[in-house]
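A quick write-up on the structure given underneath.
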Amino acid sequence: MHLIEAYERMGGEAVIRRLVDRFYDLMDEDPDYYGIRKLHPQDLTSSREKLFMFLSGWTGGPTLYTDKYGDPRLRSRHMPFPIGTSERDQWLGCMYRAMVDIELDEVLCKKLAMAFDQTADFMRNQPE
């Protein structure tokens, strides 16, 4: 399975929405993710919507994010925020937990985790 096939295998829009909502709920509730929570606005509505739109296209579904905002340019869009190893690890931990909490297929979780690992590591902009 290529990542591009993940959207349908995950269950499409409804499951992507559940994943994003669980991710941000965890970020809001669990002190383990305080470091990344403080990088976000108080109201997470826009953040939720942008991640949902991005993940839809990233997993092979509708290209909602690029249709509205253009090329994601993830690294440059995140450059204003200090993202080091701790922030990367918090983001990944929160996403892994969200995937488990919504009971994504184990094989699919592993595939997504590998892709998230690469992307999150690329986002680091702070020295070790």
_List the residues meeting salt bridge (charged side-chain N to carboxylate O under 4.0 Å, His left out) with E106, not counting sequence neighbours, and say none if there are none._
K110
*Could you pull out all residues at least two apart from F116 that satisfy ring-ring contact (aromatic ring centres under 6.0 Å, His included)?*
W58, W91
*Check whether Y33 and V100 end up in the same hydrophobic cluster, where Ile, Leu, Val, Met, Phe, Trp and Tyr are linked by side-chain heavy atoms less than 4.5 Å apart.*
no
*Do you know which two heavy atoms are closest between R37 and Q42, and how far apart they sit?*
NH2-O, 2.8 Å
*side-chain contact (heavy atoms from CB on, under 4.5 Å) against E29, all qualifying residues, sequence neighbours excluded*: R22, D25
_Side-chain heavy atoms of L19 within contact of L51, under 4.5 Å_ = no
*Could you pull out all residues at least two apart from D71 that satisfy side chain to side chain donor-acceptor pair (under 3.5 Å)?*
none
*Find the distance between CZ (R97) and CG (L26) and round it off to the nearest 0.5 Å.*
4.5 Å
_Residues in side chain to side chain donor-acceptor pair (under 3.5 Å) contact with D32, at least two apart in sequence or another chain_ = none
*asked:* Working to the nearest 0.5 angstrom, can you tell me the gap between L112 CG and M114 CE?
replied: 9.5 Å
*Rounded to the nearest 0.5 Å, how far apart are CZ of F54 and OG1 of T66?*
9.5 Å
*Could you give me the CA-CA distance, side-chain angles and deciding distance for E13 and L64, then say whether side chain to side chain contact (heavy atoms under 4.5 Å, CB included) is met?*
CA-CA 11 Å; E13 178 181 341; L64 305 172; over 6 Å; no
*What distance do C94 atom SG and D28 atom CG have between them, rounded to the nearest 0.5 Å?*
9.5 Å
_Test side chain to side chain donor-acceptor pair (under 3.5 Å) applied to T85 - qualifying residues, sequence neighbours left out_ = E128
*Which residues pass the side chain to side chain donor-acceptor pair (under 3.5 Å) test with D21, sequence neighbours left out?*
R48
_Considering only residues two or more places apart or on different chains, which pairs with a residue in residues 72-88 satisfy salt bridge (charged side-chain N to carboxylate O under 4.0 Å, His left out)?_
R88-D121
*Only counting residues at least two apart or in another chain, list the ones meeting ring-ring contact (aromatic ring centres under 6.0 Å, His included) with Y65.*
Y69
*Between atom CE of M53 and atom OG1 of T63, what is the distance when rounded to the nearest 0.5 Å?*
9.5 Å
*asked:* If I compare all heavy atoms of T45 with all of D43, which pair ends up nearest, and what's the gap?
replied: OG1-OD1, 2.6 Å
*Those residues that, when tested against H78, pass ring-ring contact (aromatic ring centres under 6.0 Å, His included) (two or more places apart)*: none
*E49: partners by salt bridge (charged side-chain N to carboxylate O under 4.0 Å, His left out), with sequence neighbours left out*: R17
_Contact check, side chains of M10 and L55, non-hydrogen atoms, under 4.5 Å_ = no
*Which residues pass the side-chain contact (heavy atoms from CB on, under 4.5 Å) test with Q126, sequence neighbours left out?*
P82
*Please round to the nearest 0.5 Å and tell me the distance separating atom CG of D30 and atom CD of Q90.*
9.5 Å
*Apply the ring-ring contact (aromatic ring centres under 6.0 Å, His included) test between H40 and each candidate in F81, F23, Y34, Y24; give the one that qualifies.*
Y24
